[in-house]
Student: 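This is the structure, below, for whatever I ask next.
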Protein chains: 2
Amino acid sequence: MVRRGRSERATLADVARVAGVSPTTASKVLNGRSDVGRSTRERVLSVMAELGYKPTAVRHERARGRALVTMLDFVESRYAGTVLQGILMAATSAQAELVLRLPPGEPISTTRTAARAWVDEQKESGVAGLVALAVAVPDAVLLAAEDLGMPVVTIDPIDTTESRVVSIGSTNWAGGRSATEHVIRLGHRRIAWIGGPPGSAPSAERFHGYQAALDSAGIAQDRALIRNEAFSVEAGLRHGRDVLALGERPTAIVAGNDEIAVGVLAAAKEAGVAVPGELSVTGFDDTPQTEWTTPRLTSVRQPLVGMGRMAVETVLAMADGVQPASRHLQLATTLSVRDSTGPAPSR
Amino acid sequence: MVRRGRSERATLADVARVAGVSPTTASKVLNGRSDVGRSTRERVLSVMAELGYKPTAVRHERARGRALVTMLDFVESRYAGTVLQGILMAATSAQAELVLRLPPGEPISTTRTAARAWVDEQKESGVAGLVALAVAVPDAVLLAAEDLGMPVVTIDPIDTTESRVVSIGSTNWAGGRSATEHVIRLGHRRIAWIGGPPGSAPSAERFHGYQAALDSAGIAQDRALIRNEAFSVEAGLRHGRDVLALGERPTAIVAGNDEIAVGVLAAAKEAGVAVPGELSVTGFDDTPQTEWTTPRLTSVRQPLVGMGRMAVETVLAMADGVQPASRHLQLATTLSVRDSTGPAPSR
DNA sequence: TGATAAATTCGAAAAAATTTCGGAGCCGGA
DNA sequence: TCCGGCTCCGAAATTTTTTCGAATTTATCA
């Protein structure tokens, strides 16, 4: 009366029969009752696994689709929004659920066991992998994830020293270099750098690209023309004023991101310096703002959507057991040349 | 055989008897099956509450945490990003999972049964409610959600005619009115309106606020000064040029959003019209751009984060059975006065 | 407009799962 | 050896869920 062709699903009674116990006992095992002997419990459990028994009542069929957790701090920026768009699109087309999370707080990020419990919980609820967006994923969580076999991919990690984690970024170095080479090709020789916070890895990488371009063009670096403070309009404005007030002022300024560049444009306007006539300015990120600054801003475009997409694809592949070709993937940047850069003024 | 003194707990059968349905139906209500009529469901639910029926075995957890689905089309805008930030924060503090989704596609949005199956699926995977962000939620899905008792809240719904759905917005009308009143107080009398797409509800509401302010100040509307096309810099630029080229040009322009306002500013600069000396301009949305336009843009600030937060709180409350006070909630806007508005030129 | 198909809604019967309660076996002490 | 207390299990009763078919309403088409 049981193995009828129709009923594909194993029932509790089937499990009980195979395990040689009563349905009652099987039910007790399922519900974690205490009045079941250890060996009996184990036998029942193993039969359940074998028959693939699913508590009918517990309709937690995660089998439908995989879930993916994305951790991020702030959505409220175009950067995060755009990457998220890529993540969302990729997740949708891979038929994976996308769960958003703030990074875990205190106890989890520090304690080893708490982290492990957290990851375990994620796993339990069907999460196939983690995508961390521009957050400092704490070591504890990473270790736990690794131990439990949950793939983690970070996008633009704050702290890139951790090489165990798969990370995805754009070629900040190449981007910084291409922006700088662009103005060098336009004849500029006195080129300032105004970057983001000294601790920021992306900012540092972009800066190194700037340095590399200067080096290979045989241009000496001038300390006075190099600033690193913050990714903000205010910082750009302040350092822009500063740099333009120098006795021998630069003819080009390479900014660490678009906001800084906007600040620089404001400083130039203040000082009555014509852009691009007397000064060329480049940004980084190619945010929509670049289209309606005056003049329109030349900027390095990061493949933000592509980064999100790549992160999802990588995580899902890892969940399937495919190791990525490289632990650190970089997508190419491109330079969007607009009106804020021009030939160096002849003097 | 039922009302035994010993068994204090009401059983499903008791509920069914009191509600005048079969135990089968009561069970279906308990499990959110779709084949129960609306009124029957409500009756059973109320009897359950009355008798204090508790599912004997608190069906395998579920207690872990609630999940919330947010549907959105595009994350890649500051608007969506900011609202999402509020949603994420509120969801986190309510210990709810946040699942992101693109709006369901073809078969689901049209077919009745497909929509119902979709909602059912959501429900089974533990989703407590739906938040739809600036999307046109198809009727089919809404109906299905309502039938199955899944709360839905829309934020800035594209199509506000649907009054059954709880929606959250900002006071577009009041915002449009306050911006217009602001310039009226500054002495302007000839005030243009450049808004978004004619079909857009928010745009229309803002426009009506503009009209109301003119009316109560006793200023006649001038057809030539009213434009509605698109929420874009280009549209703002084009109509800005147009309006400024009029014989008797306006001394103030109220724009439907910040992008349009940016376009207007560009048009004014082109035409050599001083802002705010000869022309006052207001935007709508208070995006960060407003801070670094020249001059800095006066704009209506929407409580975007608050809207996200409110949506989550409302949905979760509804999931707990609390009906919202109103089916359409509006959060107040405030006017951020900056440098792009000034006294009307005396002539 | 009428007929035909499809869908909705409900319940009886059957199946599945859980709880109650009692009993077998197993100590250890009297 | 007998007794009380204990653990572990299952039969029966109870509760819940599922299946499936019927009655009714709604949509669709000729």
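These figures come from a predicted structure and were not determined experimentally. Quick note on labels: first sequence line is chain A, next is B, and so on, each numbered from 1.
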Student: So B/Met71 and B/Leu130, do their side chains get closer than 4.5 Å, heavy atoms only?
Tutor: yes
Student: If only side-chain N and O atoms of B/Ser22 are considered, is one of them under 4.0 Å from the OP1 or OP2 phosphate oxygen of C/dG11?
Tutor: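 Result: yes.
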Student: Go through C/dG11, C/dA17, D/dT16 for me and flag the one nearest to the B/Leu12 side chain.
Tutor: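 For B/Leu12, the side-chain atoms sit closest to D/dT16.
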Student: Counting C-beta onward and ignoring hydrogens, is there a side-chain heavy-atom pair between B/Val83 and B/Ile87 closer than 4.5 Å?
Tutor: yes
Student: Would one find a side-chain N or O of B/Ser27 under 4.0 angstrom from OP1 or OP2 of D/dT17?
Tutor: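 So the side chain of B/Ser27 is within the cut-off, an N or O lying under 4.0 Å from OP1 or OP2 of D/dT17.
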Student: Distances for protein N/O vs nucleotides 22-26 of chain C N/O pairs under 3.5 angstrom?
Tutor:
none

Student: For the side chain of B/Lys28, counting heavy atoms from C-beta on, which of C/dC10, C/dA17, D/dG10 is nearest?
Tutor: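 Nearest to the side-chain atoms of B/Lys28, counting from C-beta on, is C/dC10.
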Student: Of the nucleotides C/dT20, D/dT16, C/dG11, which one has an atom closest to the side chain of A/Thr24?
Tutor: C/dT20
Student: Given D/dT16, C/dC10, D/dC9, identify the nucleotide with an atom nearest to the side chain of B/Thr25.
Tutor: C/dC10
Student: Could you list the residues that satisfy salt bridge (charged side-chain N to carboxylate O under 4.0 Å, His left out) with B/Glu229, not counting sequence neighbours?
Tutor: B/Arg238
Student: Rounded to the nearest 0.5 Å, what separates atom CD in A/Gln85 from atom CG in B/Leu72?
Tutor: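 Result: 8.5 Å between the selected atoms.
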Student: Quickly work out the A/Arg43 CZ to D/dC8 C1' distance and round it to whole Å.
Tutor: 12 Å
Student: Please identify each residue that fulfils salt bridge (charged side-chain N to carboxylate O under 4.0 Å, His left out) with B/Arg227, with sequence neighbours left out.
Tutor: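 B/Arg227 satisfies salt bridge (charged side-chain N to carboxylate O under 4.0 Å, His left out) with B/Asp242 once adjacent residues are dropped.
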Student: Measure CZ/B/Arg41 against P/C/dT8 and give the value in whole Å, please.
Tutor: 13 Å
Student: Give me the atom names and distance for the closest heavy-atom approach of B/Arg43 to B/Gly20.
Tutor: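 For B/Arg43 versus B/Gly20, the nearest heavy atoms are NH2-O, 4.3 Å.
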